[in-house]
2 protein chains.
Amino acid sequence: MALSTIKSDLSLSQLLCIQIEREIVEGKLLPGDKLDEEVLAARLKASRTPVREALRALASVGLVHIQPRIGATVNKPTVSEVIELFEVVAEMEAAAARLVCVRASDPEIAKIVAQHKSCEDQARSGTADSYFDANTQFHNMIWSAAGNHVLEDQIVLLNRRLSPYRRFVTFKPGRQEEAVAEHAQIADAIQNRNSVVAVVAMREHVTILGSDVIQLARNLRL
Amino acid sequence: MALSTIKSDLSLSQLLCIQIEREIVEGKLLPGDKLDEEVLAARLKASRTPVREALRALASVGLVHIQPRIGATVNKPTVSEVIELFEVVAEMEAAAARLVCVRASDPEIAKIVAQHKSCEDQARSGTADSYFDANTQFHNMIWSAAGNHVLEDQIVLLNRRLSPYRRFVTFKPGRQEEAVAEHAQIADAIQNRNSVVAVVAMREHVTILGSDVIQLARNLRL
DNA sequence: TTTATACATGATGTATACAAAATTTAGTTT
DNA sequence: AAACTAAATTTTGTATACATCATGTATAAA
């Protein structure tokens, strides 16, 4: 109920933006696919105007690639671009972890540590989805506890951009256990407010995730 | 000639985007100012459509604030938001400096060190503008030598967002000399490929710049 | 057969027209 | 005089029409 109320408040172009983004993230629209304004408008039952706005909004996120006078396609980053994206996320999340060590409140840190325990629980006895959610929460809490909305927004934006590729990691067996072990290092460092260790551990954690994504994508010949 | 040729290749919405951004950066349009689509269209001799596109493009950069169904205004960040912006730039430029230490080529590093010398020269015997350009070059070279286009783009974007406020620093006497001294530490660390020192020095350097901007803006009652 | 040119087609960029919502203003009531 | 209501106005959101440029095709020339 509340959700549909929220949705009806959104403009058509915003709804289209959400819809197209979903199709890209879910792999229904693949990297390189042409995004013809008229075709999309016809399929999504709207006119070209809001479709155009949606495409340009997604281009600003980096999910869509627009060539002037030629048109829009689903962004198709090269492997090295994806590597660079993960590298930037790694640096920014590391920065967030540092700021948490420097100035988060004790209760905020306690919540992060508690969320790590929750990740452990879900990895041991939960579903893949429930672990995924717990993991997302763990990271979100760190971004948020860093006390810098600009940093948080940037990290969220970069993750939106990476989400079409993240899902591949689901397929890697044993990754959950590794991730939990890495989280433990991060949570420990944060609890001790050891920013140097937290930075290195977080950077390493995200870098490993990136490497796995690249490797899995390669194996799937993408 | 080449410049006008390039300009004529740009679409009207792109030209409007550049023009409106310039007016914001130059302070002709002030934070909080209403950006009425029809008024802008009439003044810039275009229709609402490309004006709308330009405003939304600038919103994605963070220079314009759009409230659905209400309209666009020049973004008016709070003081704490500007502080956060500088904090993120500091972290990202620090990350760039680190990556330069880790993997830039010797010639690239030599060019950065040389550019620092050029900054020293301009600070001693150049104009405010020529120093500003040399300083910009110094930072650009570091972003670029980090070998990560995504990181570079992010830093450029954040700096676009900050440029309306950066110009205040021009008014601070003695800042050039301080900045050059800080650059010296950064250049030294990079030359020695000492990433830990480079990170701290760069972060400190940008943080000081941010503090100065905030303080000057306060003194000018902005 | 290959290449070049001209035309036809189709898509993007821009302008205008219409719909819907927010704001303002005038009028009324307390 | 203050506050609330309702109509009028203004502005944003969307649809449609037109202009401009890119692409594909067919024809002709080398």
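Both backbone and side-chain heavy atoms feed into the values below; hydrogens, waters and symmetry mates do not. Lettering follows sequence order; numbering is per chain, from 1. The structure presented is a predicted model; accordingly, all values stated were derived computationally and were not measured.
A salt bridge is defined here as a Lys NZ or Arg NE, NH1 or NH2 lying under 4.0 Å from an Asp or Glu carboxylate O, and A:Arg103 with A:Glu108 fails to meet this definition.
Rounded to whole angstrom, the span from the CD atom of B:Glu53 across to the P atom of D:dT12 amounts to 16 Å. The CZ-C1' distance, from B:Arg56 to D:dT12, rounds to 9 Å in whole Å. The CG atom of B:Leu12 sits 13 Å away from the C1' atom of D:dA19 (whole-angstrom rounding). Going from atom CG of B:Asp9 over to atom C1' of D:dT20 covers 14 Å, rounded to whole Å. Separating the CD atom of B:Gln67 from the P atom of D:dT11 is a distance of 16 Å, rounded to the nearest angstrom. For A:Lys45 and D:dT14, the NZ to P distance is 17 Å, given to the nearest whole Å.
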| task | Go through A:Val88 and B:Met92 one step at a time and tell me if the side chain to side chain contact (heavy atoms under 4.5 Å, CB included) criterion holds. | result | CA-CA 8 Å; A:Val88 176; B:Met92 297 191 75; 4.1 Å; yes
| task | Go through A:Arg218 and A:Gln215 one step at a time and tell me if the side-chain hydrogen bond (donor to acceptor under 3.5 Å, both in side chains) criterion holds. | result | CA-CA 5 Å; A:Arg218 277 203 173 111; A:Gln215 198 142 26; over 6 Å; no
| Chi angles and distances behind the side chain to side chain contact (heavy atoms under 4.5 Å, CB included) call for A:Ile142, A:Gln115 | CA-CA 10 Å; A:Ile142 292 172; A:Gln115 185 60 32; over 6 Å; no
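Of the residues in residues 29-40 of chain B, those with a non-hydrogen atom less than 4.0 angstrom from any atom of DNA chain D are B:Lys34, B:Asp36, B:Glu37, B:Glu38.
In the displayed structure, A:Lys76 atom NZ is contacted under 6.0 Å by at most 12 heavy atoms of other residues, nucleotides or ligands.
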| query | Where along nucleotides 16-24 of chain C does protein come under 4.0 Å, by heavy atom, of base (B) or sugar-phosphate alone (S), with - for untouched nucleotides? | reply | BB---SSS-
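Taken from CZ in B:Arg52 to CG in B:Leu16, the straight-line distance is 14.0 Å, to the nearest 0.5 Å.
Ring geometry, A:His139 versus A:His205: the interplanar angle falls under 30°, so the pair is classed parallel (tilted spans 30 to 60°).
Side chains of A:Arg161 and A:Asn75: a donor-acceptor N/O pair is absent below 3.5 angstrom, by distance only.
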